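Since the structure comes first, as structure tokens, the remarks are kept for the end.
Since we're looking at a predicted model, the values are computed, not measured.
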Amino acid sequence: MTLTPVITEHWDSPDLYTLDGYRRFGGYRALEKALKLDPDAIITTVKDSGLRGRGGAGFPTGLKWSFVPQNDGKPHYLVVNADESEPGACKDIPIMMANPHSLVEGVIITSFAIRASQAFIYIRGEVPNALRKVASAVAEARRAGLIGKNILGSGFDLEIVVHAGAGAYICGEETALLDSLEGLRGQPRLKPPFPAVAGLYASPTVINNVETICNIPYIVDRGVDWFRQFGTEKSPGFKVWAVSGHVNNPGIFEAPLGITMRELLGYAGGVRGDGKVKFWLPGGSSVPLLTAEHLDLPLTYEEMAAAGTMLGTGTPMIFDETVSVVKAVTRWLEFYKHESCGKCTPCREGTFWITGVLETFEHGHGKESDLELLVSACNQISGRSFCALGDAAATPFPAALKYFRDEFVAATESPVDEKFDPVASYIYAGAATR
Amino acid sequence: MSENFTTDVVPMVSVTIDGVVIEVPKGTLAIRAAELIGIEIPRFCDHPLLEPVAACRACLIEVEGMPKPQPACAQVVNDGMTIRTQESSEVAKDAQEGVMEFLLINHPLDCPVCDKGGECPLQNQSMSAGRPESRFEGEKRTFEKPINVSAQILLDRERCVSCARCTRFAEQIAGDPMIELLERGANQQVGVADEQPFDSYFSGNTIQICPVGALTSSSYRFRSRPFDLVSVPSTCEHCASGCSLRTDYRRGEITRRLAWDSPDVNEEWNCDKGRFGFTYLTEGRITTPLVRENGELRPASWPEAIDVAARGLEAAGSSAGVLTGGRLTQEDAYGYAKFARAILGTDNIDFRARATSSEETQYLRSAIAGTPITVTYDALEKAPFVLLVAFEPEDESPMVFLRLRKAKTTVVSLGAVATRGLKKMGGTLLATKPGQEALVLRALPDHVKAALAQPGAVILVGERIAASAGGPSALAEVAEQTGARVAWVPRRAGERGALDVGALAGLLPGGRPITNDEARDEVAGVWGVAADALPRVTGLSGENIINAGSRENLRAFVIAGVDPVDLPDPEVTAVALARTAFIVSLDHHHSEFTQAADVVLPVALVTEKAGTFIDWEGRPRPFGQVFKDALAMSDATILGMLAKAMGKQAGVWDGAGLRRELAELGQWTGAREELPTTGSAPLMSDAFRLASWRELLDAGVMQDGEPFLAATARPVVALISEAAAKQLGSPTTITVSGPTGSVTLPVEIGDVIDDVVFLPMHSTGCSIYRDLGARIGSAVDVSAGGAA
């Protein structure tokens with residue numbers, strides 16, 4: 001399958017991040033077109049395109065928009081979730097740094113469609129470069145009359161606020177993000193009511209991922225048929241794949257949904273040092289890991305689900321044979337333990353417990369019977385926590401155990417560092433020995 | 001159209017729980033619906049009076065059609081829904097057991113030394129819904145223990161299960177979000193901001209609703225085990241809110257008091273004064289009768305003391321004054337009302353140990369005494385509009401405050417200060433200088449008048465209206481014009497009861513005018529005395545009794561639970577005590593009154609007798625005797641002994657008998673005294689005016705011996721407006737001077753009318769009668785800095 005650069009098409013143009021640079025390649029043409037359409041027609045177009053949310057859950061975007069009650073007399077809000085914090089995910093931040101205007105244009109069109117006159121872009125606070133790029137793109141767009149009162153003479157008004165998060169993974173959970181945006185402590189909200197009905201400031205709110213929003217101008221400009229020529233029936237379109245880990249050429253590759261990991265690996269220059277894939281994750285640490293036997297599966301929402309995992313953020317992480325799966329899982333769990341917001345018991349206590357037990361394995365004094373205990377503890381979190389963070393935390397271990405039980409059993413005998421030289425797994429290890 | 005007729009009718013839905021079909025009102029939560037068929041789903045964060053949060057996950061149940069177990073505490077049941085709890089679902093049982101296991105991994109399991117052990121929802125539910133053995137073998141998270149979130153409230157963070165009941169209570173119920181969850185994950189903990197302790201008047205409730213032993217009180221921590229306590233239902237004696245309490249004691253000593261469930265009154269809450277203020281019940285009590293001999297009080301036997309008192313009162317005849325204070329039960333107040341009229345033959349009686357006026361006296365006799373309940377807590381909750389007049393609910397009747405906060409009603413306060421309490425009720429201020437209530441009431445803005453004319457609108461008037469010339473009259477006019485219902489909210493627990501039973505000059509029990517022949521006949525009949533034995537003319541009331549004493553116009557005083565600092569003129573009071581020939585004091589603690597008395601008779605306090613308080617609504621709040629073997633006798637019993645010693649009889653004097661007599665008398669349905677029609681009195685100078693009321697936690701004697709409680713009181717400050725502060729040169733302290741003295745206090749800038757200064761009425765370091773000789777509304781001198 002060939003690469004199909006759309007969002008990333010002109011990333012090699014040095015001034016793409018400026019308004020002029022973006023316009024040179026047809027930027028804001030879709031906006032002009034959209035503002036002449038009926039907002040409902042845009043919602044229908046996005047529905048028909050089959051675009052699914054790129055933040056991880058893959059919920060149909062047009063359907064989400066259609067949940068917003070119209071003529072309800074309340075203000076509507078669009079909130080862009082740009083709090084990309086998933087371990088292994090690095091796609092939204094590059095998009096915002098290289099092509100911020102595609103996000104801004106998408107925000108304006110989406111706001112117009114859902115009748116929002118105020119939009120927020122909630123950007124992960126640790127990435128000031130992305131913040132600066134998006135903030136200056138918004139400022140440029142405002143100066144050019146693309147944001148503000150009566151945009152392009154359409155009568156549509158919109159303000160965009162660029163907001164910096166304060167460094168909590170939980171604030172990527174959409175309702176925690178809303179609380180954080182309102183100035184509260186970021187913790188997930190009880191649903192119902194759902195954000196589409198009572199979200200930000202108790203008003204109807206659409207929350208979309210950066211990449212999702214960046215698709216909108218292209219769908220509006222080029223049409224449903226053009227969009228649907230990519231991907232599959234259930235996973236239409238293209239995806240910004242961010243390949244990382246033990247590959248020779250890590251980076252961003254934009255290709256249709258349905259491309260296989262083996263193909264992406266090819267674009268990424270293969271596993272470093274002609275090594276082999278030991279395990280990989282299709283999209284962030286929150287999805288169950290796969291092994292070399294899954295490299296030829298099409299990367300679609302449906303195929304990944306059938307394989308017992310999820311497409312997630314579509315940011316594959318590749319691990320070669322230098323890596324101890326015990327250690328990798330322990331690091332992920334330490335992350336979830338650290339980031340658990342504390343609101344619900346299963347996630348708060350479960351991550352604390354599981355992490356502690358995994359650390360005993362890492363240090364070579366795990367007990368084999370504890371493997372069943374860990375599975376049981378994960379089952380006590382999964383589906384029972386308040387939000388998806390708990391579910392995510394319960395994900396890595398069972399999948400790792402399924403494919404690499406021997407490695408966990410071995411870790412009852414000796415510390416994993418004895419068998420897996422930690423230096424060998426470092427990304428720079430290869431370079432250092434070359 | 002049809003919607004208009006169905007707004008009050010909640011439709012029913014049918015739901016199947018563990019195979020049992022029940023009908024419940026639409027909107028019912030699954031956890032409540034299950035309770036109705038006797039299924040107790042485990043829970044920690046759930047509390048019926050708090051918004052659902054679904055955080056603890058202990059109540060997970062299976063709902064047909066939903067892929068994951070759902071929290072029963074947040075799951076609204078829909079028509080036709082099928083629910084399976086732990087009783088019939090392995091998934092639910094497993095989920096609940098899993099959560100319980102998680103909850104215990106970081107819990108210290110220090111139950112043997114924990115105050116909550118024995119009454120702990122975590123302990124109980126880990127037995128009923130947990131696994132017998134923990135699989136956790138790691139190291140528990142630990143915290144330094146305990147930390148003070150206030151002087152009174154201690155927090156053991158490692159015991160906390162993060163249910164957020166306390167923080168939600170503080171925010172949702174009390175409106176004091178001074179505690180909050182901090183940090184993340186297993187390090188999540190309740191905390192306060194630096195230098196900002198949890199000084200909420202309602203903080204003690206968090207201890208009671210804490211489902212573990214994370215919150216304890218300084219005064220009760222490590223004092224007893226719950227299973228060693230004997231619990232007795234009680235009624236709070238601290239104010240007229242009428243809270244149900246539970247008094248717990250061990251070996252004859254009260255260890256703690258809890259708010260008790262009373263949905264119509266205090267729901268499940270109370271204030272910290274009612275919860276923690278009980279040391280006075282045991283400490284510093286007068287234990288034996290005392291009689292004066294050679295100028296000194298000496299212990300005496302009961303027969304001797306009764307005899308001395310009876311002879312002294314006989315000698316005084318009807319030239320006596322009876323002051324009963326506002327703390328008595330209805331039965332005891334009735335005893336005094338009867339004793340004054342039938343035994344002493346005088347109508348000089350008053351229960352009001354505070355500033356009064358003849359206008360207020362007339363208003364109470366005409367509009368309040370012995371009237372049926374018209375405004376209830378529930379009515380407040382449903383009222384579209386509530387006007388507060390000379391009334392600060394958070395300080396003066398905390399349950400009224402909580403109910404108004406809960407209500408969606410619009411609150412307007414006619415006063416001089418937009419207080420923190422008013423803001424927490426979402427209320428607005430109708431700026432009124434103290435003393436100017438009548439003027440403002442007679443010129444209410446149209447929107448307030450219109451709001452008062454709505455069906456269900458209420459005016460709550462505090463006892464401070466007494467000192468505002470024309471206030472009661474104007475209030476009656478507004479009620480008449482708008483149709484709004486008026487409720488009088490006195491501060492003390494016994495005031496309404498005392499009024500209803502006639503412990504006020506001119507009034508016989510049930511609101512009967514003493515000047516009415518028929519009324520006197522009815523009462524004399526029940527008392528078994530000749531009608532012409534009762535006084536026929538209205539006697540002295542309020543400060544007139546003290547004034548008469550100071551002019552040597554009375555020959556005897558009978559004084560019950562009156563604290564002299566509550567009387568507005570300390571100098572006149574002292575003169576009256578010095579000049580009155582014979583004084584009988586029935587009291588539990590020494591005061592200027594007992595020191596001046598010729599006979600002191602010790603009386604029972606609320607734990608030593610059964611009785612009834614009438615709350616501000618007019619609702620009887622009966623309570624039982626905590627200590628059955630108490631030796632102390634109630635006021636009424638002692639009055640009966642006095643009557644007998646004086647050779648007179650008037651009905652019975654025991655509690656049950658007195659209640660029977662009151663029931664027999666019932667309420668007066670005949671003609672009542674006219675409402676007062678006093679005009680407004682405009683202020684004659686533009687001097688600073690004194691606004692003041694008693695703060696909930698202050699220097700009151702019933703809070704004696706409670707240092708932790710006292711430490712959570714509001715700081716004693718002088719509150720002035722920003723403009724006034726600027727005018728004074730933005731001082732950090734100011735001196736407020738009245739006729740007899742001055743106080744120097746730190747300044748706090750607040751939402752106060754510009755030429756008004758607010759001082760706490762009787763707090764440590766500031767008691768306006770004693771220190772200033774000033775009253776509410778008095779012109780005072782305000783200057784920057786300390787006294788010259």
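The two residues B:R57 and A:R384 come nearest to each other via the heavy atoms NE-O, 2.9 Å. Taking every heavy atom of both residues into account, B:A74 and A:L190 meet most closely at CB-CD2, 3.8 Å. In plain terms, the two heavy atoms of B:V99 and A:P346 that are nearest each other are CG2-CG, 4.2 Å. Smallest separation of non-hydrogen atoms from A:W353 and B:I105: CB-CD1, 3.5 Å. Across all their heavy atoms, B:F102 and A:A377 have their closest contact at CZ-O, 3.6 Å. Closest approach of B:K68 and A:D391 over heavy atoms only: NZ-OD2, 3.4 Å.
To the nearest 0.5 Å, atom CD of residue B:E137 and atom CG of residue A:D370 are 6.5 Å apart. A distance of 6.5 Å separates CD in B:E101 from OG in A:S376, rounded to the nearest 0.5 Å. Separation of atoms CG (B:L103) and CD (A:E349) is listed at 6.5 Å; rounding is to 0.5 Å. For the atom pair CD (A:Q380) and CG (B:D94), the distance works out to 6.5 Å, reported to the nearest 0.5 Å.
For B:K26, the NZ atom sits in a loose shell: 12 or fewer heavy atoms of surrounding residues, nucleotides or ligands are nearer than 6.0 Å. Atom NZ of B:K93 has 12 or fewer neighbouring heavy atoms from other residues, nucleotides or ligands inside a 6.0 Å radius. By the neighbour-count criterion of 12 heavy atoms within 6.0 Å, atom NE2 of A:H365 is densely surrounded, having more than that number from other residues, nucleotides or ligands.
With a 4.5 angstrom heavy-atom cutoff, A:Q187 touches chain B only via side-chain atoms. Residue B:P52 touches chain A through both its backbone and its side chain, counting heavy-atom pairs closer than 4.5 Å. For A:R185, the part sitting under 4.5 Å from any heavy atom of chain B is the side chain, from C-beta outward, and nothing else. When heavy atoms are compared at a cutoff of 4.5 Å, B:L181 approaches chain A by way of both its backbone and its side chain. Looking at A:K191, neither its backbone nor its side chain comes within 4.5 Å of chain B, counting heavy atoms on both sides. Heavy atoms of B:V53 lying under 4.5 Å from chain A belong to its backbone as well as its side chain. For A:S385, the part lying near chain B is the backbone, with the side chain staying farther off; criterion is any non-hydrogen pair under 4.5 Å. Contacts of A:I381 with chain B are made by both backbone and side-chain atoms, with heavy-atom separations under 4.5 Å. At a 4.5 Å heavy-atom cutoff, B:E97 makes no contact with chain A through either its backbone or its side chain.
Among B:A186, B:G185, B:G98, the residue with the largest count of heavy-atom pairs under 4.5 Å with chain A is B:G185. The most heavy-atom pairs under 4.5 Å with chain B, out of A:C344, A:G356, A:C341, come from A:C341. Heavy-atom pairs under 4.5 Å with chain B peak, among A:N379, A:T351, A:L373, A:V357, at A:L373. The greatest number of non-hydrogen atom pairs below 4.5 Å with chain A, out of B:C56, B:P69, B:C45, is found for B:C56. The choice from A:G350, A:A168, A:P188, A:C347 that makes the most heavy-atom pairs within less than 4.5 Å of chain B is A:G350. Per-residue counts of heavy-atom pairs under 4.5 Å with chain A were compared for B:A164, B:A95, B:C163; the largest is that of B:A95.
Considering only heavy atoms from C-beta on, B:S162 stays 4.5 Å or farther from A:T345 through its side chain. Within the 4.5 Å cutoff, no side-chain heavy atoms of B:R184 are placed close to those of A:R348.
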